[in-house]
Number of protein chains: 2
Amino acid sequence: MSKNLFLQIEIMSLSLYFMKTELSQTEENYLKAIFSISLSLNKAVSTNAIAEKLKTKASSVTDMIKKLSEKNLVDYKKYQGVLLTEKGKKIAVKIIRKHRLWEVFLVKYLDFSWDEVHEVAEQLEHVKSTKLTQELDRYLEYPTHDPHGDPIPDENGKIAHHSDTMLSSIKEKQACIVMGVKDSSTSFLKYLDNANIKLGSVVNVIEKVAFDDSMRIEIQGAQLSISHQISKNLFVKKI
Amino acid sequence: MSKNLFLQIEIMSLSLYFMKTELSQTEENYLKAIFSISLSLNKAVSTNAIAEKLKTKASSVTDMIKKLSEKNLVDYKKYQGVLLTEKGKKIAVKIIRKHRLWEVFLVKYLDFSWDEVHEVAEQLEHVKSTKLTQELDRYLEYPTHDPHGDPIPDENGKIAHHSDTMLSSIKEKQACIVMGVKDSSTSFLKYLDNANIKLGSVVNVIEKVAFDDSMRIEIQGAQLSISHQISKNLFVKKI
DNA sequence: ACAAATTTTTAGATATGTCTAAAAATTTGT
DNA sequence: ACAAATTTTTAGACATATCTAAAAATTTGT
Ligand SMILES: [Mn+2]
Ligand SMILES: [Mn+2]
Ligand SMILES: [Mn+2]
Ligand SMILES: [Mn+2]
């Protein structure tokens with residue numbers, strides 16, 4: 001009886017030790033979603049927020065959260081939302097790293113434009129191979145930012161701090177450089193292409209209209225008027 | 001009643017027209033397996049052969065075959081095995097094309113060796129994006145063969161005919177060039193690396209031993225003896 | 001404080017893909 | 001030709017991931 005118990009414990013430890021750590025694409029997407037919601041939030045992530053982000057139902061989220069909690073990837077208390085554990089955070093950052101490296105690859109070498117890369121990167125980010133990620137990073141010459149200006153975590157998971165000034169907060173007569181986009185929707189990116197606004201563009205704020213928070217800016221000699229909706233989605237750095 | 005029937009038929013046609021054509025990775029792997037077994041066979045592919053290739057059970061294969069048959073990707077008659085339809089064949093070839101293009105990419109740009117690429121290509125081949133495949137092809141400068149010497153189907157699904165002479169069938173005193181490997185297992189590829197046998201290597205058959213079908217060959221000035229197991233897995237072209 | 005609104009969880013279904021065991025059909029050997 | 005061996009299919013489970021509807025818990029508003 002006692003011998004049997006020891007045997008059982010030994011088997012449990014062994015299965016823990018050899019536990020398959022490979023996650024499904026779905027599990028990876030949940031971790032990524034929780035991570036990205038956490039970034040703009042200093043409390044536990046709600047079931048509904050995850051459901052909305054992943055375009056699924058709250059009930060499905062509850063199920064998955066339980067599974068991730070079992071695997072020690074999230075801390076979860078019923079009705080209290082979730083937070084990633086260190087283990088969960090590490091995995092989320094790895095996937096984000098892969099996503100952004102692939103986006104750089106697609107733009108740099110395969111003639112994709114910045115509004116075409118996301119969908120494909122969503123698939124590529126789940127390919128499992130440490131060597132692949134490392135070599136891709138080397139091949140791309142260790143890029144620090146993706147085509148949307150988002151920082152690429154390094155091999156150890158360290159992420160450069162993202163510029164957090166929005167164009168909307170820049171004062172009249174002040175100049176700045178476009179560092180990134182907050183919204184990566186095709187429609188926004190195509191609007192920017194059209195307005196000739198790119199990463200690195202120098203923008204001069206000519207005039208701010210208090211009534212609707214729109215602003216008139218000057219970019220490469222040309223002047224144009226942009227709505228608040230646009231200016232609050234552009235990360236910039238003051239010059 | 002009759003009006004209702006018409007409505008129903010209309011809905012059916014519509015759902016056929018808009019039917020999601022995206023296949024799961026599993027479905028794609030079945031098509032690829034059936035295709036590759038068909039190549040070395042001029043009759044219908046057996047349930048067991050597929051099961052063995054995919055390391056699954058015959059009963060699972062029967063289930064999947066029914067599903068693929070529903071989708072008109074295979075012709076299937078109970079107990080008679082399956083054959084790909086034109087539609088099924090096209091999809092299989094597309095996946096093989098992607099697999100081999102990715103293998104070229106990994107070797108050419110990411111410092112993978114020919115024994116490391118297969119596992120990763122098995123994942124990459126399922127990424128869905130026509131543009132990705134086209135641009136990758138262009139970027140690689142339209143390669144015709146993968147790192148194992150296998151032909152890469154072109155955009156229209158056309159495949160160059162594979163060299164079908166094996167080194168084992170070459171006569172004494174005859175020289176030939178290594179064109180491909182029949183077996184792509186790590187152990188075989190590593191053996192070849194060790195023996196300094198690569199695609200393009202010029203091989204001179206010095207002597208054939210009738211007893212065990214081994215042969216002594218000369219390659220880059222060095223002589224070595226290789227077993228029948230080796231020589232019958234090397235595609236060559238007589239000089 | 002407590003009723004109403006909202007969020008979250010549970011219960012029960014469905015769809016995909018897998019498995020084992022048993023039944024059915026086909027092929028093989030004499 | 002027909003019994004035995006082999007192959008294939010069916011039946012019934014199970015695991016993952018999803019959904020709807022209803023129940024339970026929490027939060028909000030007065
Ligand atoms: Mn993206
Ligand atoms: Mn991005
Ligand atoms: Mn391969
Ligand atoms: Mn290959």
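The figures that follow rest on heavy atoms only: side chains count, while hydrogens, waters and symmetry mates do not. First the proteins, then the strands, lettered A, B, ... as listed; each starts at 1.
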| said: Heavy atoms only, 4.0 Å cut-off, all strands: where does S60(B) land among base, sugar-phosphate and nothing? | reply: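 Counting heavy atoms under 4.0 Å across all strands, the contact made by S60(B) includes a base.
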
| message | What's K77(A) touching, base or sugar-phosphate or nothing? Going by heavy atoms closer than 4.0 Å. | response | nothing

| field | Salt bridge K128(A)-E119(B), side-chain N to carboxylate O under 4.0 Å | value | no

In this structure, how many angstroms lie between the [atom2] atom of [N] and the [atom1] atom of [X], rounded?
| X | N | atom1 | atom2 | value |
| --- | --- | --- | --- | --- |
| E28(A) | dT16(D) | CD | P | 16 Å |
| I65(B) | dT10(D) | CD1 | C1' | 14 Å |
| K55(B) | dC19(C) | NZ | P | 13 Å |
| K66(A) | dA15(D) | NZ | P | 16 Å |
| L54(B) | dC19(C) | CG | C1' | 15 Å |
| N48(B) | dT26(C) | CG | P | 16 Å |
| I50(A) | dT8(C) | CD1 | C1' | 12 Å |
| D63(A) | dG12(C) | CG | P | 14 Å |

| query | Taking atom types as they are modelled, is there a donor-acceptor pair under 3.5 Å from the base of dT20(D) to the side chain of S59(A)? | reply |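 Indeed, a donor on one side and an acceptor on the other fall under 3.5 Å apart.
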
| query | For dT10(C), does either OP1 or OP2 sit under 4.0 Å from a side-chain N or O belonging to Y79(A)? | reply | no

| field | Phosphate-side-chain proximity, Y76(A) and dT8(C), N/O vs OP1/OP2 below 4.0 Å | value | no

| field | Side-chain donor/acceptor of K232(B) to backbone N/O of M166(B), under 3.5 Å | value | no

| query | How do T47(B) and M64(A) order along DNA chain D: which one's closest nucleotide is nearer the 5' end? | reply | T47(B)

Looking at [N], which nucleotide sits across from it as a Watson-Crick or G-U wobble partner, both distances under 3.5 angstrom, or is there none?
| N | answer |
| --- | --- |
| dA25(D) | dT6(C) |
| dT30(D) | dA1(C) |
| dA15(C) | dT16(D) |

| request: Evaluate the ring planes of F105(A) and W102(A), with Trp represented by its six-membered ring, and classify them as parallel (under 30°), tilted (30 to 60°) or perpendicular (over 60°). | output: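 Perpendicular: the ring planes of F105(A) and W102(A) meet at over 60°.
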
| request: Scan H99(A), K182(A), H162(A), H145(A) and name whichever one has a side-chain hydrogen bond (donor to acceptor under 3.5 Å, both in side chains) with D150(A). | output: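 Per the side-chain hydrogen bond (donor to acceptor under 3.5 Å, both in side chains) rule, the option paired with D150(A) is H162(A), out of H99(A), K182(A), H162(A), H145(A).
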
| said: Tell me which one of D146(A), T133(A), D137(A) satisfies side-chain hydrogen bond (donor to acceptor under 3.5 Å, both in side chains) with R97(A). | reply: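 It is D137(A), the one option of D146(A), T133(A), D137(A) that forms the side-chain hydrogen bond (donor to acceptor under 3.5 Å, both in side chains) with R97(A).
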
| query | Choosing from dC19(D), dT9(D), dT20(C), which nucleotide comes nearest the side chain of K57(A)? | reply |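 For K57(A), the side-chain atoms sit closest to dC19(D).
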
| remark: Picking from dT7(C), dC19(C), dT10(D), the nucleotide nearest the side-chain atoms of T62(B) would be dT10(D)

